[in-house]
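Just below is one structure, and these are the notes that go with it.
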Amino acid sequence: MEQELLIPNHIGIIMDGNGRWAQERGLIRTMGHKHAVGILKELCIHMADVGVNYCSLYAFSTENFKREITEVDFLMNLFISSFNKEFDFIKKKKVRVLFSGRREPLPNKVLEAMDQLVEETKNNTELTLNICLNYGSHAEMVDTTKKICEMYKNGVISLDDITEELIQKNLYQDLPPLDFVIRTSGELRLSNFMMYQASYAEFYFPKVYFPDFNNEEFDKAIIEYNKRNRRFGGVK
Ligand code: FPP
């Protein structure tokens, strides 16, 4: 990639289109998720190399539990094998992994694999990978509100202490705002992904399905980001 390009500090990726990618090849939907892990691995290495500081990935939404049990089970097992094995590259690339989302009702084996990855990568200083798993913005608002109400009830804070900064500090993770949100597959929706954090993000909707979103597609996205004029509510 050209050196002079501005790299967004925090990128969000909605990894959409795995099912369609597989179906168009006459495969079962879950093969799309399997293939996506390889692409994700390459992408993370590339992001660390080009100097992305934070990347939030939408891996599983609170609503995804409504899918067929076979697909949910497949994804849970894929998370376990990815975090235990496929994600070994993460340690070499000094990637720090965090998770956002509700722990309930994730299976214990998934939670154990998540906790282990967080622990093993906690001192890493390159790309921070925030994996949104059993995540929803609405759920995050509820959980953040509950935490703040609890502090108020216990006398830790007063009403005047409830500021934007306090809300930010009590989200699942206290990360910088999203600069750039990419949703693959051509769908033009946010689907409950980091709505609070995306207030001033730029959006990009490439038509390719996630299993085809390779490093070349990522570089095209960065070129597109560099064409945007970000004003944050100010004038040109
Ligand atoms: C959306 O595509 C994708 C998902 C719900 C799952 C995302 C999971 C992965 C990419 C697996 C690897 C992730 C990690 C963190 C190891 P879809 O199934 O909705 O596709 P469709 O819209 O074509 O049906």
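Counting starts at 1 for both ligands and their atoms, in listed order.
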For the pair T144 (side chain) and N170 (backbone), establish whether a donor and an acceptor sit closer than 3.5 Å, ignoring hydrogens and angles. yes

Do ligand 1 and N18 have nitrogen or oxygen atoms that lie under 3.5 Å from each other? yes

G17 near ligand 1, heavy-atom distance under 4.0 Å? yes

Would you mind listing which atoms of ligand 1 come within a distance below 4.0 Å of any non-hydrogen atom of M15? 1 (C), 2 (O), 3 (C), 10 (C)

I need the nearest protein heavy-atom contact for atom 11 (C) of ligand 1: residue, atom name and distance, please. L78 CD2, 3.9 Å

What is the nearest protein non-hydrogen atom to atom 4 (C) of ligand 1, stated with its residue, atom name and distance? H33 CE1, 3.9 Å

Polar atom proximity, Y58 to ligand 1 (N or O, under 3.5 Å): no

So if I count the atoms of ligand 1 from 1 in the order they appear, which ones are less than 4.0 Å from some heavy atom of L40? 13 (C), 14 (C), 15 (C)

Which option, E71, R29, R20, owns the non-hydrogen atom nearest atom 24 (O) of ligand 1? R29

Please find the pair of heavy atoms, one from N192 and one from E63, that lie closest to each other, and give the distance. ND2-OE2, 3.2 Å

Could you give me the CA-CA distance, side-chain angles and deciding distance for E104 and R102, then say whether salt bridge (charged side-chain N to carboxylate O under 4.0 Å, His left out) is met? CA-CA 6 Å; E104 278 281 313; R102 282 187 178 160; over 6 Å; no

A36: numbered ligand 1 atoms lying under 4.0 Å from its heavy atoms: 10 (C)

With heavy-atom distances below 4.0 Å as the criterion, list the atoms of ligand 1 near S82. 16 (C)

What is the nearest protein non-hydrogen atom to atom 19 (O) of ligand 1, stated with its residue, atom name and distance? R67 NH2, 2.7 Å

Only heavy atoms count here, so choose which of V97, L57, N64 is nearest to atom 5 (C) of ligand 1. N64

Within the 4.0 Å heavy-atom shell around V37, which atoms of ligand 1 are there? 12 (C)

For H10 and N130, does a side-chain donor sit closer than 3.5 Å to a side-chain acceptor? no

Is the closest side-chain heavy-atom distance between M141 and L171 below 4.5 Å? yes

Would G19 count as a polar contact of ligand 1, with the cut-off being nitrogen or oxygen pairs under 3.5 Å? yes

Is a salt bridge present between R29 and E71, judged by a nitrogen-to-oxygen distance below 4.0 Å? yes

Side chains of Y172 and D143: do they bring a donor and an acceptor to under 3.5 Å? yes

Thinking salt bridges, do R20 and E187 make one under a 4.0 Å N-O criterion? yes

Is it true that D174 and Q168 share a donor-acceptor pair across their side chains at a distance under 3.5 Å? yes

Identify every side-chain donor-acceptor pair in residues 105-115 under 3.5 Å, counting partners at least two apart or on other chains, and give the distances.
residue: D115; atom: OD1; partner: R103; partner atom: NH1; Å: 3.0
residue: D115; atom: OD2; partner: R103; partner atom: NH2; Å: 2.9

Protein heavy-atom partner closest to atom 6 (C) of ligand 1 - residue, atom, separation in Å: A59 O, 3.4 Å

